[in-house]
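Below is one structure; the comments refer to it alone.
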Amino acid sequence: MSSSGTYSLMVHGGAGALDNVKDDKTAFRYLDSIRTVLEHGRQVMELGGSALQAVEACAMLLEDDPVFNAGCGSVLNENGKVELDAAIMDGRDLAAGAVAAVDNIANPVQLARLVMTESEHVMLIAEGAMRFADHCGMERVPEDYFYTPDRVEQLRMARLRHKVMLDHDDSEIDSEDQKYGTIGAVARDSQGNLAAATSTGGIVNKRMGRVGDSPIVGAGVYADNETCAVSATGFGEDFMRSVIAKTISDFMLMQGMDGIKASAAGIEYFKRKVNGRGGVIVIDNAGNCAGDFTTKKMIHGWIEKGGQAYCRF
Ligand code: ASP
């Protein structure tokens with residue numbers, strides 16, 4: 001089958017050392033979730049859904065799964081609260097929507113999509129984003145919806161150490177032994193349209209008001225039908241400084257690379273310029289899938305050109 005008539009889909013559930021995945025049962029828990037999400041995305045695409053619909057549906061499922069640092073199960077900030085960031089982008093016309101520092105919203109990616117489709121803006125933050133959610137009739141969920149015992153314990157450890165920490169490992173920010181549990185999805189549908197979505201709780205014990213890369217177009221998320229769709233996970237400040245998602249797209253646009261080469265070149269740049277910690281998933285305009293990272297591992301999975309689903313760390 002020619003690639004123009006097929007769909008491709010990739011999702012991630014965070015990058016890092018993943019030293020917390022010490023046994024088969026834990027590994028299975030992550031990979032099983034990734035596989036379920038991929039198969040759900042496959043259904044969306046096979047029923048004629050667009051890349052945009054597929055990435056939103058996949059991101060929402062990942063947000064709903066408490067093992068990932070997005071939606072339910074998000075990490076807590078310095079005040080013991082969740083502040084969620086998310087973005088979605090449509091490669092057809094570079095339309096984008098993003099929210100930052102929101103709470104009480106179960107699926108921030110859905111709110112990001114409403115910002116894209118129902119407002120004249122690209123990003124809304126904090127109280128303004130919440131008012132927009134009310135305006136759109138989105139349900140507010142109670143604060144305790146987001147809390148898991150692991151996250152409360154993780155914040156306690158971070159406070160004891162007076163450290164900012166990433167996701168649910170107990171190691172410190174400068175350590176290699178981190179897991180950055182943001183979630184993301186990228187897709188190319190059978191019409192050749194690309195889309196990307198990223199959603200996160202950010203980093204543990206972060207300052208109130210801190211915004212990472214995930215909702216920033218060109219840093220943690222990007223999609224352009226002419227090139228590729230990208231979603232990132234890792235230390236947000238590194239991605240923001242290297243504008244990595246757009247950099248990968250530019251490698252395709254300006255140097256004629258395919259997505260596989262552009263992803264590798266982007267991650268090499270990320271490492272060389274800012275000693276970046278994290279990874280990306282990329283689908284290019286021909287449906288090729290690529291996943292590259294500087295951390296020891298990245299939880300991710302893919303369906304390339306309508307084929308079998310693969311999941312790995
Ligand atoms: N990139 C996210 C942030 O810095 C964290 C993550 O990927 O887990 O907010």
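Ligands are counted one by one from 1 in listed order, and the atoms in each one are counted from 1 as well. Note: hydrogens, waters and symmetry copies are ignored here, and every other heavy atom, side chains too, is used.
Using a 4.0 Å cutoff on heavy atoms, G220 does not count as a contact of ligand 1. Heavy-atom separations between R210 and ligand 1 include at least one value shorter than 4.0 Å.
Here's the thing with E237: none of its N/O atoms is less than 3.5 angstrom from an N/O atom of ligand 1. Checked by distance only, ligand 1 and G236 come closer than 3.5 Å through their nitrogen or oxygen atoms. Looking at ligand 1, you'll find an N or O of G181 within less than 3.5 Å of one of its N or O atoms. Residue D85 places no N or O, backbone or side chain, under 3.5 Å from any N or O of ligand 1.
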Item to check | side chain to side chain donor-acceptor pair (under 3.5 Å) evaluation trace for D85 with S214 | outcome: CA-CA 6 Å; D85 302 337; S214 306; 5.7 Å; no
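V82 has its side chain out of reach of E143: every pair of non-hydrogen atoms, C-beta onward, lies at least 4.5 Å apart. K246 places a side-chain heavy atom less than 4.5 Å from the side chain of D250.
A salt bridge links E127 and R131; the closest N-O separation between the charged side-chain nitrogens and carboxylate oxygens is under 4.0 Å. Between K271 and D292 there is no salt bridge, since none of the side-chain N atoms of the basic residue sits less than 4.0 Å from a carboxylate O of the acidic one. Under the 4.0 Å criterion applied to side-chain N and carboxylate O atoms, D284 and R188 are not assigned as salt-bridge partners.
Closest of all the heavy-atom pairs between M138 and N107 is CE-O, 3.9 Å.
The D213 neighbourhood of ligand 1 comprises atoms 1 (N), 2 (C), 3 (C), 4 (O), with distances under 4.0 Å to a heavy atom of that residue. Ligand-side atoms of ligand 1 in range of G234: 1 (N), 2 (C), 3 (C), 4 (O), 5 (C), 6 (C), 7 (O), range being under 4.0 angstrom from any heavy atom.
Of the listed residues (I183, T182, T233), the one carrying the non-hydrogen atom nearest atom 8 (O) of ligand 1 is T182.
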